[in-house]
Structure formats: structure tokens, C-alpha cells
Amino acid sequence: PAPWTHENIAQMRRQYDLMGAMIDWSREFATCAPEFYRWNQWIFLQMLERGLAYRAAGAVWWCPNDQTVLANEQVLEGNICERCGADVYKRDLEQWYFRITQYADELLDGLDHLDWPDRVKTMQRNWIGRSHGARLRFSLDTGEALEVFTTRPDTVFGATFMVMAPEHPLVRQITTDAQRETVEAYIDHTRRETEIERQSTDESRPKTGVFTGAYAVNPVNDERIPIWIADYVLMGYGTGAIMAVPAHDERDFAFARAFDLPVRIVIQPDGDETLDPVTMTHAYVGPGRMVNSGRFDGTPVPESISTLIAWLDEQGRGSAETTYRLRDWLISRQRYWGTPIPVVYCDACGLVPVSEDQLPVVLPLDAQFTPTGQSPLVSHEAFLHTTCPTCGGPARRETDTMDTFVDSSWYWYRYTSPHEEGAPFDVETAKQWTPVDLYCGGIEHAILHLLYARFFTKVLRDIGLVDHDEPFTRLRNQGMILSTEGVKMSKSRGTQIGPDSLVEQYGADALRLHLMFLGPWEQGGPWNDRGITGMERFIRRAFQLVSETGTSHREGDGDTHGIGELRSLAHRTIKRVTDDLDKFQFNTMIAALIEFTNELMRLKDGPLARTTAWTEAMETLTLLMAPSTPYAAEEMWSRLGKPYSVHQQTWPTYIEELAAVRTVEIPVQVNGKVRGKLAVEAGAAEGDVLALARNNPKVVEHLAGKTIVREVFVPNRLVNFVAK
RNA sequence: GCCGGAGUGGCGAAAUGGCAGACGCAGCGGACUCAAAAUCCGCCGGGGAAACCCGUGGGAGUUCGAAUCUCCCCUUCGGCACCA
């Protein structure tokens with residue numbers, strides 16, 4: 001992996017340069033270098049010390065192809081490995097975890113203040129899956145309690161049975177002898193199903209389950225209700241057991257109908273409709289009033305939820321509780337190529353962290369890494385055997401490596417001081433640069449990388465290394481350019497198109513323009529080189545314009561006809577490009593540049609081409625083109641007598657030049673309502689009222705009492721007035 | 001099933017509630033050329049000789065005015081999916 005990785009890095013660095021990307025290579029580093037991953041290990045040790053990293057046994061996802069465990073986030077729909085696409089299943093193993101659940105509330109609430117696409121925020125909210133409700137204790141004949149979590153404590157009077165997950169630890173204890181055989185058979189059945197393939201977990205799947213023979217007592221009405229086990233109750237969520245209220249929960253209803261269990265209405269909807277437990281075909285989950293609930297009859301739903309929580313709490317029969325779908329992040333991998341987890345196992349002292357001054361624990365470069373189901377490092381004797389940092393006796397190193405997502409969870413801080421040797425990064429420098437103002441990436445990072453990165457930022461904050469809560473203030477997702485056939489580009493399927501041949505054929509500028517002009521940046525779509533000739537034509541026309549007229553004789557502006565329109569056009573183009581650039585609307589930004597060029601081409605042989613305003617227009621065009629066509633702009637700029645180089649690391653002065661030109665924004669009113677702001681070039685004053693109209697008598701009427709100050713020139717020939 | 005996008009010419013797509021189709025591609029006509037390419041000029045949603053009429057997935061509505069806002073459908077793409 002080492003030489004392969006470095007070859008790839010060199011290849012990609014070359015391609016970035018080829019494409020004209022302006023990157024400060026002096027800050028480059030590789031996450032697979034010990035100088036970087038030693039700080040993964042250092043952060044791990046800080047987390048271990050704070051109880052944020054821990055080792056635990058449990059059911060974990062296993063990929064039989066990669067021969068390693070995976071995090072929940074890396075298992076895709078249909079139980080597929082995120083990396084290789086193989087079917088994965090659960091195994092009981094002891095592994096390392098990061099306690100991301102400790103930050104669940106903060107990870108959820110923090111989303112509200114981020115300028116991120118709603119789609120991404122929604123996905124994170126769903127993934128964290130916070131539910132507010134109550135924990136209730138149902139007592140068992142054995143004297144113990146069966147705890148359940150519910151979001152609807154107001155339906156507790158309608159609980160007619162209970163259901164436990166088959167894996168629930170109390171199941172065997174409460175099962176009666178008469179039912180034991182049936183229960184064991186069912187547990188066996190569900191376990192096998194889980195391990196092989198539990199694909200269709202949708203609600204339409206028929207409910208299965210068996211009676212345990214045991215009963216529990218409802219804490220609010222002392223009713224004895226039967227306890228069942230069923231695989232629709234998941235051990236991994238809530239307490240692994242539920243109170244079933246068939247009248248008001250769709251799944252419980254389906255189960256009750258399947259096994260002929262009683263249905264009791266405890267909420268009646270407002271209005272004429274009255275629920276009948278015998279004839280109803282669906283659970284009722286809407287609003288209404290509580291019934292059959294003793295002293296709570298008549299309480300309006302859904303306000304009833306908080307009423308019941310308060311009462312249960314006061315009576316000591318339950319308490320408010322919040323649960324999450326989010327699980328802790330499983331970080332151990334049985335892979336070779338990753339950061340070694342810096343702990344050792346000593347026969348005398350047990351698990352001992354490697355001390356900070358012994359970092360990094362270096363990954364050997366000569367291991368056999370073919371997957372065997374065991375960590376490859378187990379068979380590397382020189383790595384495996386070490387001495388215990390505490391007692392000095394013989395010890396074995398941890399041979400699992402860290403999930404590679406650990407590397408990407410804090411790397412941007414390292415960019416601020418990439419060669420720092422005494423810490424992950426220089427704290428003061430990082431404070432100046434971070435949080436990241438704008439972060440771009442694909443939607444595939446919506447949960448995995450972006451959730452882990454947010455978690456790490458909060459951990460680093462608590463360690464005292466950063467002073468903010470969120471790593472990325474603004475996030476935008478680029479669309480993916482697909483292959484010509486509309487599928488993801490892939491090397492193995494031969495659908496990949498690399499930049500080398502395209503740059504050779506069309507040049508980097510035309511390729512860049514074409515990619516941005518294909519459609520909205522956030523949308524993506526199939527690759528297609530049909531329109532690229534249009535971009536070549538545009539670049540050539542712009543270049544021709546500047547070289548032919550850029551330095552010709554000037555006679556000042558005088559009263560040359562059309563001088564106002566020329567200035568206005570330039571200013572409007574600046575406005576459009578600036579706004580579009582800000583909003584990531586590169587396709588319309590380029591359209592504006594093409595329009596500007598086309599108009600200048602029409603004027604270039606006339607008297608305007610000898611004015612000072614024309615020189616300014618040439619400079620404007622060149623500056624505006626610089627971000628999208630760096631090479632052409634470099635040439636054009638030098639024709640105008642202001643040379644710079646694309647690959648020099650300072651951005652050209654055009655940013656300052658752009659900032660010098662400003663348009664005035666004034667409020668637009670239509671029918672007395674403010675409809676937003678319209679940018680007009682200098683002239684209209686703030687406070688002027690601009691009415692926007694067509695040749696529409698109704699609208700013109702509204703302007704009747706007002707004084708028309710002046711007409712405003714706008715490109716689309718609408719009739720516009722500035723009125724007071 | 002739930003949540004969220006999207007649906008506009010031959011194609012990629014534009015459009016604060018205000019001339020639908022900017023810009024580009026393709027196509028058609030012309031200039032230049034022995035010819036072709038390149039370039040330049042013009043046309044380019046549908047119907048109609050024209051005035052004009054019809055057009056933004058379908059149907060209602062709000063509005064002087066709707067691709068845009070509201071409601072109901074259809075199609076499609078994502079995400080979640082027995083989470084109590």
C-alpha cells in the first residue's frame with residue numbers, strides 16, 4: 001500500500017496543477033505518514049483518558065469480504081459494506097469505540113445554526129434520531145422490573161400486552177416451563193435470520209412472535225398483561241422492550257390482530273368519528289381526548305404527553321427520558337493499512353496505554369496484509385511483541401488499526417500548521433484560520449465524514465485545542481459528474497474519464513468552463529463533451545478582443561454615443577458575476593461573461609473602442625474571467641500590461657480591483673409591497689422608491705399620484721420607474 | 001409507508017410573482033472559399049398568410065398578472081424505514 005499510495009498522491013498533485021488549481025502545496029501532508037498519524041494516536045490517548053474511547057463487547061457488523069468489522073454508518077441500505085458492496089452481518093466481538101453518543105444532543109442542536117444544505121441536516125437529524133418520552137417500570141412476578149421506553153406515555157392505559165426483543169437478557173429468566181421450548185425455538189429462528197440476511201425489515205413484513213407465559217403489571221392500573229417476544233422489537237433501541245398499545249400504534253395493532261390480542265381505545269378523536277376496537281383496521285395516532293384512563297379522561301392529546309410524564313415522575317412510576325438512534329462509533333478495523341491503536345496488553349498489568357513520549361507507534365511497512373479474518377499485524381512478530389510501559393515485562397501490542405475516517409476527522413486543523421512537531425497543530429494559528437468558512441464535498445459525506453468531523457471538533461474543544469463548536473460554517477455539495485451512460489465513473493467498468501486526455505484535447509480553461517457550464521454546480525449529471533466547442537469559441541473571442549483592442553489609442557470618453565450603456569453593462573456584469581460566484585451559480589456566471597463578450601465584440605470596431613471606458617471594460621472582462629479561465633486570463637492580463645502567474649501562490653490583484661466597483665441596491669416596491677432589492681448603477685439614491693412595471697394599466701395606475709423621478713435602464717426592456 | 005428535491009424547446013439549461021426559453025450545443029439559411037474546415041451575419045417552442053392563438057407533468061385555486069405561491073393528483077430521483 002505504501003508505494004501505491006505515494007504514486008497516487010503524485011499523480012493527483014500533477015492533475016490538480018494541470019487543471020490550473022491554485023493550491024498552496026507547501027501545506028501538503030499525507031495522513032498515512034507517521035508525522036500525521038502519531039497525532040491520531042495522541043488524540044486517541046486523550047480520549048481514552050477522558051472515557052471517550054473505550055473497549056467493549058457486543059454485536060458488531062462484519063464484512064466477510066474485507067474480513068473486518070465496520071461502523072454502523074458504514075453499513076448501507078440492505079446491509080451492504082460501504083467500501084466493497086459485500087453483504088455484511090453481525091458478530092459478537094470485543095472492539096474499540098468512540099463515545100460519540102455523549103455529544104448526541106449537541107450534534108443535533110448544533111445543526112440549527114449551520115449554513116448547510118437542508119438535505120444534509122435532515123439526514124444527520126434522522127441518523128441521530130432523538131426521541132423524547134418516558135421510561136416506565138412494569139413489575140414482574142419475580143419481583144424484578146421490566147423497563148420500557150415510550151414516546152406516548154399518555155396511551156399507557158391502553159397497554160394490553162408487552163413485547164421484548166428476543167435477545168433481551170431477561171427473556172430466559174421469565175419464560176415459564178410450559179413455553180420454554182417454543183421460546184427457545186423462536187430465539188434460535190430470529191438469530192439465524194439476523195446472521196444470514198435480515199433484508200426486508202419494512203413494516204409490511206408479517207409480524208411474528210411467541211408468548212413467554214409470563215405477565216407484567218401495568219404501573220398505572222395494576223392490570224396483569226401477557227409478555228411476548230417478537231423480532232419487531234429491537235434490542236438496540238430504547239430498553240429492548242415495549243408496552244404494546246395496539247389501538248394507537250400501527251405495529252402493535254398489526255401484532256394484536258395477528259395473534260388475536262385485545263385492543264383498547266384510550267384516545268378518541270375530536271368530532272363525530274368514534275373508534276371501535278372491533279371494526280377498526282388501523283391504529284389511531286392522531287389528536288383527540290383521553291378516554292378509559294381514569295382521572296385523565298378528557299385530557300386533550302397531544303398535550304397529554306407532558307401531563308402524563310409529569311404525573312408518572314411525581315408518583316415514582318416512571319420518568320422523562322430521551323433516547324437516540326445514534327450508536328457509539330466503532331473504530332477498530334482488522335485491516336493492515338491504518339493508524340495502529342496505541343495500547344498494549346500485558347499479562348500482569350492488563351490493558352496499558354502507550355505513553356505519549358513513545359508515540360508514534362509506527363506501522364511496519366513489511367507486513368503480510370492479505371485478509372485472514374485476523375488483523376494482519378498479528379503475524380508481524382517484530383511489531384506484536386513489546387514491553388509493558390508500566391512493569392517492563394513482556395506485552396503484546398494491539399493489532400487492530402483505526403478506521404480511516406479518524407484521519408479525515410481533524411485534518412483541516414493540521415493544514416493551518418502542517419509541520420508542527422510538538423502538537424497536532426498550533427493552537428494559536430488554528431484559531432486564526434478555523435472554523436472553515438466554506439466546505440465543499442459530495443453528498444456521500446452527509447453522515448459519515450461530516451458527523452465524525454463535528455464530533456472531533458467538539459472533543460478537541462473540550463481538550464482545549466480549538467475555541468469553536470462546529471468545524472464547517474458553510475457547506476455546499478457539488479453534484480457528481482457521471483459517465484456518459486449516466487452511472488458513476490468507475491475505473492473497473494471503464495467508465496472513467498481522466499483530466500489528462502481532456503486537457504490535452506481542449507485545454508484546461510475550456511474544460512473548466514465546460515464543467516461549470518454543463519448545468520447547476522449542485523446538480524451534476526452525465527458527462528458530455530458536445531458543448532465544449534462553445535467554450536473554446538468564447539475564450540478565443542475574449543482573447544481576440546483584448547489583444548486587438550486592449551492597448552489601442554485612447555481619446556478619453558468625451559460625449560461618445562453609448563458610453564453610459566457601456567459603463568452600465570460592465571457594472572451589471574460585475575454584479576452578476578459577483579452574485580453568481582457567491583451563490584455557486586457558475587453556469588449563469590459564465591453566461592454573463594459570454595453576453596458581455598458578445599456585446600463588446602459588436603462594439604469593437606466603433607468609436608467606443610477608443611475610449612477610456614473601453615480599457616476599463618477590457619480589464620473588467622479579464623478580471624472576471626480569472627477564476628474560471630486562469631490560463632487565458634493570465635495571457636489577457638499580460639496583454640494589458642499587468643502580468644501574473646497562475647501557479648504563483650498569491651491570488652492576483654483582481655480581488656481588490658473588483659471590490660472597487662460597486663452598485664447601489666435600492667428597495668423595489670410593487671403595489672406598495674417591498675419586493676426585494678434591485679441593483680442599479682450609481683445614480684438612484686437610497687430611499688428612492690423603485691416601482692417595477694410592465695405596460696400594465698393597473699400597475700401604472702398605482703404610480704399615478706407619484707412623481708416619476710427618472711426611468712432606469714435595465715437590460716430586459718421592462719418599463720421601470722423611480723418614483724417618490 | 002414517512003421526509004425532502006425535481007418535472008420547462010431536438011439537447012444542457014435560464015427566468016425577485018411581471019415579454020417563458022437568457023447563455024451554450026445541435027440544426028437551417030447566407031457571406032467568405034475552386035472546395036471543405038474555421039470564421040462572420042441571420043433564423044431557430046408549436047399553429048397560422050397575417051393580426052393573433054396555444055404553450056413550463058395533469059387538475060383546481062389565489063392574483064391585474066403564476067414556470068414561480070396554495071391545494072389535490074401523476075411521474076421521477078434521493079434519504080429514512082418495525083426506532084416504540
Side-chain angles (χ1 to χ4, degrees), chain A residues 76-77 117-131 133-134 136 148-153 155 159 162-163 165 198 200-208 230-245 248-252 254-255 323-327 443 446-447 513-514 517-520 522-523 525-538 540-541 544 576 585 587-598 601-602 668 670-671 673-679 692-702 715-720:
Chain A
L76 306 182
E77 190 180 346
D118 286 336
R119 180 165 61 140
V120 175
K121 294 205 263 188
T122 305
M123 282 165 75
Q124 293 217 354
R125 285 194 188 101
N126 290 342
W127 186 262
I128 297 166
R130 179 167 65 193
S131 296
L136 299 177
V148 301
F149 171 76
T150 178
T151 53
R152 292 299 303 276
T155 63
M162 308 203 60
V163 188
R198 212 160 138 188
S200 83
T201 49
D202 63 286
E203 277 175 80
S204 59
R205 185 162 171 254
K207 295 279 184 287
T208 62
D231 66 358
Y232 83 90
V233 174
L234 310 172
M235 193 58 226
Y237 186 78
T239 64
I242 61 157
M243 63 172 200
V245 184
H248 306 292
D249 181 279
E250 205 55 63
R251 297 148 303 180
D252 297 345
F255 194 80
T323 61
Y324 304 87
R325 212 186 79 109
L326 181 70
R327 302 266 78 93
I443 187 67
I447 295 172
L513 276 181
H514 180 61
F517 190 68
L518 263 175
E522 295 189 297
Q523 182 180 297
W527 166 255
N528 169 2
D529 61 5
R530 270 209 316 266
I532 201 165
T533 50
M535 296 303 112
E536 292 179 301
R537 285 200 266 257
F538 158 59
R540 195 170 24 70
R541 284 158 63 88
Q544 184 192 339
R576 283 173 70 185
Q585 291 167 356
N587 55 337
T588 52
M589 178 193 83
I590 293 165
L593 289 170
I594 295 173
E595 283 177 60
F596 189 35
T597 306
N598 289 349
M601 282 296 276
R602 276 190 280 277
V668 176
V670 179
N671 295 357
K673 282 191 214 160
V674 175
R675 296 295 182 136
K677 289 186 170 180
L678 183 71
L692 183 62
R694 285 175 52 196
N695 287 330
N696 182 321
K698 270 275 184 187
V699 179
V700 173
E701 205 176 288
H702 282 284
N716 54 8
R717 285 177 306 176
L718 286 171
V719 183
N720 295 295

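By convention in this document, chain letters (A, B, ...) are assigned in the order of the sequence lines, proteins followed by strands, and residues within each chain are numbered from 1. It should be emphasised that the depicted structure is a prediction, and the values quoted were computed from it without experimental measurement.
If you take CG of D529(A) and C1' of A26(B), they are 13 Å apart, rounded to a whole angstrom. Distance M123(A) CE to G78(B) C1': 8 Å, rounded to the nearest Å. The CG atom of D252(A) sits 10 Å away from the C1' atom of C82(B) (whole-angstrom rounding). Look at CD on Q585(A): it is 11 Å from C1' on A15(B), rounded to the nearest Å. Rounded to an integer number of Å, the gap from CZ of R125(A) to C1' of C2(B) is 16 Å. Rounded to a whole Å, the NZ atom of K121(A) is 16 Å from the C1' atom of C3(B). Between E536(A) atom CD and A26(B) atom C1' the separation is 16 Å, expressed in whole Å. In this structure, CZ of R152(A) is placed 20 Å from P of C82(B), rounded to the nearest angstrom.
For F517(A), taking side-chain heavy atoms from C-beta onward, the closest of the listed nucleotides C82(B), A81(B), G24(B) is G24(B). Across G12(B), C40(B), C80(B), the shortest atom-to-atom separation from the side chain of N126(A) is found for C80(B). Nearest nucleotide to the side chain of P520(A), out of G12(B), A84(B), A14(B): A14(B). When distances are taken from the side chain of D231(A) to each of A84(B), C3(B), C82(B), the shortest belongs to C82(B).
Atom name P, nucleotides U16(B) and G7(B): the rounded distance is 14 Å, in whole Å. Nucleotides U8(B) and C77(B) have their P atoms positioned 14 Å apart, rounded to a whole Å. For the C1' atom pair drawn from C53(B) and C3(B), the interatomic distance equals 43 Å after rounding to whole Å. For the P atom pair drawn from C19(B) and A66(B), the interatomic distance equals 11 Å after rounding to whole Å.
For N126(A) and R325(A), the side-chain atoms include no donor-acceptor pair closer than 3.5 Å.
Backbone-only contact: R540(A) has heavy atoms under 4.0 Å from sugar-phosphate atoms and none from a base.
The structure places CZ of R541(A) at 9.5 Å from CD1 of I594(A), a figure rounded to the nearest 0.5 Å. For the atom pair NZ of K121(A) and CZ of R125(A), the computed distance is 6.0 Å after rounding to the nearest 0.5 Å.
For G29(B), the base adopts the anti conformation, since its glycosidic angle falls more than 90 degrees from zero.
Taking 4.0 angstrom as the limit, R325(A) places none of its side-chain polar atoms (N or O) nearer than this to OP1 or OP2 of C80(B). Considering only side-chain N and O atoms, Q523(A) lies nowhere under 4.0 angstrom from the phosphate OP1 or OP2 of G12(B). Taking only side-chain nitrogens and oxygens, S131(A) comes nearer than 4.0 Å to OP1 or OP2 of A84(B).
Cation-pi geometry between K207(A) and Y232(A) is met: the NZ or CZ atom falls under 6.0 Å from the ring centre, inside 45° of the normal.
Taking every heavy atom of both residues into account, M235(A) and T239(A) meet most closely at CE-O, 3.9 Å. Listed here is the closest heavy atom pair of S131(A) and F149(A): O-CZ, 3.6 Å. When all heavy atoms of T597(A) and F538(A) are compared, the pair lying nearest together is OG1-CE1, 3.2 Å.
Side-chain contact between V120(A) and I443(A) is present, with heavy atoms from C-beta onward closer than 4.5 Å. Side-chain contact between D252(A) and I242(A) is present, with at least one heavy-atom pair separated by less than 4.5 Å. With contacts defined as side-chain heavy-atom distances shorter than 4.5 Å, the pair R152(A)/V245(A) does not qualify. Between Q523(A) and L518(A), the closest side-chain pair of non-hydrogen atoms is not below 4.5 Å.
Of the residues near RNA chain B, R530(A) and R537(A), the one whose nearest nucleotide (by heavy atom distance) lies more toward the 5' end is R530(A). Remark on RNA chain B: of its neighbouring residues R119(A) and M235(A), the 5'-side contact belongs to R119(A), judged by nearest-heavy-atom nucleotide.
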Dot-bracket encoding per residue of RNA chain B, Watson-Crick/G-U cut-off under 3.5 Å, | denoting interstrand: (((((((..(((.....[....))).(((((.......))))).(((....)))..(((((..]....))))))))))))....
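Listed in residue order, the members of residues 589-598 of chain A having a heavy atom less than 4.0 Å from RNA chain B are A591(A), I594(A), E595(A), N598(A).
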